[in-house]
Amino acid sequence: MRWDGLLKSYKEFLPITENTPLLSLNEGNTPLIKLERLSEEWGVELYVKTEGTNPTGSFKDRGMVMAVAKAKEEGSTTVICASTGNTSAAAAAYAARAGMKCIVVIPEGKIAMGKLAQAVMYGAEVISIEGNFDQALQMVRNISEKESVTLVNSVNPYRLEGQKTAAFEVCDQLNGAPDILAIPVGNAGNISAYWKGFKEYHQVKNSGLPRMHGFEAEGAAAIVHNRVFENPETIATAIRIGNPASWHLASAAVKESQGKMDEVSDDEILAAYRKLASTEGVFAEPASCASLAGVFKQLQTGGIEPGSKIVAVLTGNGLKDPNTAIDCSPIKAILLPNDEKVVAEHIKGVVHV
Ligand code: F0G
């Protein structure tokens, strides 16, 4: 069956009027993949929602299609956002699609290469500040109040409206909600959006409610420690955020669902990142793997029961951040002469191991 994107597919659940342009890059409808090997190894029923298959390679497309469509409907000509990279890629793409301008403010040196490539290709005005995401967000919030630009960070409520559709898909794909929804947490919008989505779908379809397990990076774990991190640090640059904007919504989601907010170290994130790709063939960016790292951690510490049905959200595509992949992989290309005999000899050694 033809898929026409989120605004057409979930019209009745979204704030769409007859004047809302049905903007689309055919976002949504992403796979839910069962991790057969890890399920067996860890004694659970484990699935991943591969949001990296969205048009710009992350879950941000779900929220951005809605936010940019509403900005266009309201007569705005320019959108603005702060970003650790994925929001800016999605904003720039949907702005281009809608014939609008896009301004992005990013932390200098702390966004993955693929994301920067996207912002420039989609034609955004890219401003790189010598500051972190939290400072960039404060800046664009202030500027959007004074200038005629529309803020499309997740403090724009239309973003969460679009992002909640992922929960609908999970329920349809599994024929009901899982026991646990594991998700990375940065600015805390996505966990809040999923919870909203599960609740709304349950009301209409009786699909059930999961426990929400959110995972922050240890060096940026504001919600876990209940304090702002002034200088957040993690290899997972997408979630290098010390003062999440949707902090209270995320805490409410965890509390209402009887879930947990927890933290994972960079080493745990990288171990999950490599394991996911090398044992299951799924390549997700480091921040995404905080969800999987968290599941592994909580299976060991008793935070998740053996046998649980778990969906881990993989928020972004592995290709977004090629540098981290190459730097952290134990595999290096083997340099050999341009000589078939030498190559054949080498392969024999590999095959017979
Ligand atoms: N995973 C990825 C790949 C992300 O890019 C982000 C957020 C998150 C998880 C966390 O989601 O903020 O809703 O809790 N990236 C934002 C950005 C901040 O600018 O692209 P959240």
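All values below come from the heavy atoms of this structure, side chains included, with hydrogens, waters and symmetry mates left out. When a ligand or atom number is given, it counts from 1 through the structure's own listing order.
Between Tyr10 and Phe168, the angle of the ring planes goes over 60°, which puts this pair in the perpendicular group of the 30/60° scheme.
Among protein heavy atoms, the minimum distance from atom 8 (C) of ligand 1 is reached at Ile239 CG2, 3.6 Å. Atom 13 (O) of ligand 1 has its closest protein heavy atom at Asn190 N, 2.8 Å. In terms of protein heavy-atom proximity, atom 12 (O) of ligand 1 is closest to Asn187 N, 2.7 Å. The shortest contact between atom 20 (O) of ligand 1 and any protein heavy atom is with Thr87 N, 2.8 Å. The nearest protein atom to atom 11 (O) of ligand 1, hydrogens excluded, is given as Phe59 CZ, 3.5 Å; this is a heavy-atom distance. Closest to atom 7 (C) of ligand 1, if we only count protein heavy atoms, is Lys60 NZ, 3.0 Å. In terms of protein heavy-atom proximity, atom 2 (C) of ligand 1 is closest to Thr315 OG1, 3.3 Å.
In terms of polar-atom proximity, Thr84 is counted as a contact of ligand 1, with an N or O under 3.5 Å from an N or O of the ligand. Here's the thing with Gly186: one of its N/O atoms is less than 3.5 angstrom from an N/O atom of ligand 1. Polar contact check, Asn86 against ligand 1: a nitrogen or oxygen pair lies under 3.5 Å apart. An N or O contact shorter than 3.5 Å is missing between Pro184 and ligand 1 by distance. For the pair Ser88 and ligand 1, the shortest N or O to N or O distance does not fall below 3.5 Å.
No more than 12 heavy atoms of other residues, nucleotides or ligands sit less than 6.0 Å from atom CD of Glu40. Counting non-hydrogen atoms of other residues, nucleotides and ligands closer than 6.0 Å to CD of Gln300 gives a total above 12.
Using a 4.0 Å cut-off to heavy atoms of Val185, the atoms of ligand 1 that qualify are 14 (O). Residue contact check: Gly189 has heavy atoms under 4.0 Å from atoms 13 (O), 14 (O), 21 (P) of ligand 1. Ligand 1 places these atoms under 4.0 Å from at least one heavy atom of Glu285: 3 (C). Numbered from 1 in the order shown, with element, the atoms of ligand 1 that lie under 4.0 Å from a heavy atom of Ser83 read 17 (C), 19 (O), 20 (O).
Both the backbone and the side chain of Ala238 come within contact range of ligand 1, each with a heavy atom under 4.0 Å. Residue Ile191 does not touch ligand 1, judged by heavy-atom distances below 4.0 Å. Contacts between Lys320 and ligand 1 below 4.0 angstrom, taking non-hydrogen atoms only, are absent altogether.
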>> Apply side-chain contact (heavy atoms from CB on, under 4.5 Å) to residues Ile223 and Ser251 and explain how you reach the verdict.
In response: CA-CA 8 Å; Ile223 302 175; Ser251 296; 3.8 Å; yes
>> I'd like to know whether Leu151 forms a side-chain contact (heavy atoms from CB on, under 4.5 Å) with Val155, so could you lay out the CA-CA distance, the side-chain angles of the two residues, the decisive distance to 0.1 Å, and finally the verdict.
In response: CA-CA 8 Å; Leu151 183 64; Val155 291; 3.5 Å; yes
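The shortest non-hydrogen separation linking Thr237 to Ala112 is OG1-N, 4.2 Å.
Taking CG of Asp339 as the reference point, atom NE2 of His346 lies at 13.5 Å (rounded to 0.5 Å).
One N or O on the side chain of Asn132 and one on the backbone of Asp134 form a donor-acceptor pair closer than 3.5 Å. In terms of modelled atom types and a separation under 3.5 Å, the side chain of Lys60 and the main chain of Gly57 share no donor-acceptor contact.
Using modelled atom types and a 3.5 Å distance limit, the side chains of Lys49 and Gln173 yield a donor-acceptor pair. With 3.5 Å as the limit, one finds no donor-acceptor pair spanning the side chains of Thr30 and Thr53.
Under a 4.0 angstrom heavy-atom cut-off, Ala188 registers as being in contact with ligand 1. At least one heavy atom of Ile241 sits closer than 4.0 Å to an atom of ligand 1.
Between Lys196 and Glu200 there is a salt bridge, since a side-chain N of the basic residue sits under 4.0 Å from a carboxylate O of the acidic one.
Looking at heavy atoms from C-beta onward, Asn187 lies in side-chain contact with Phe133 at the 4.5 angstrom threshold.
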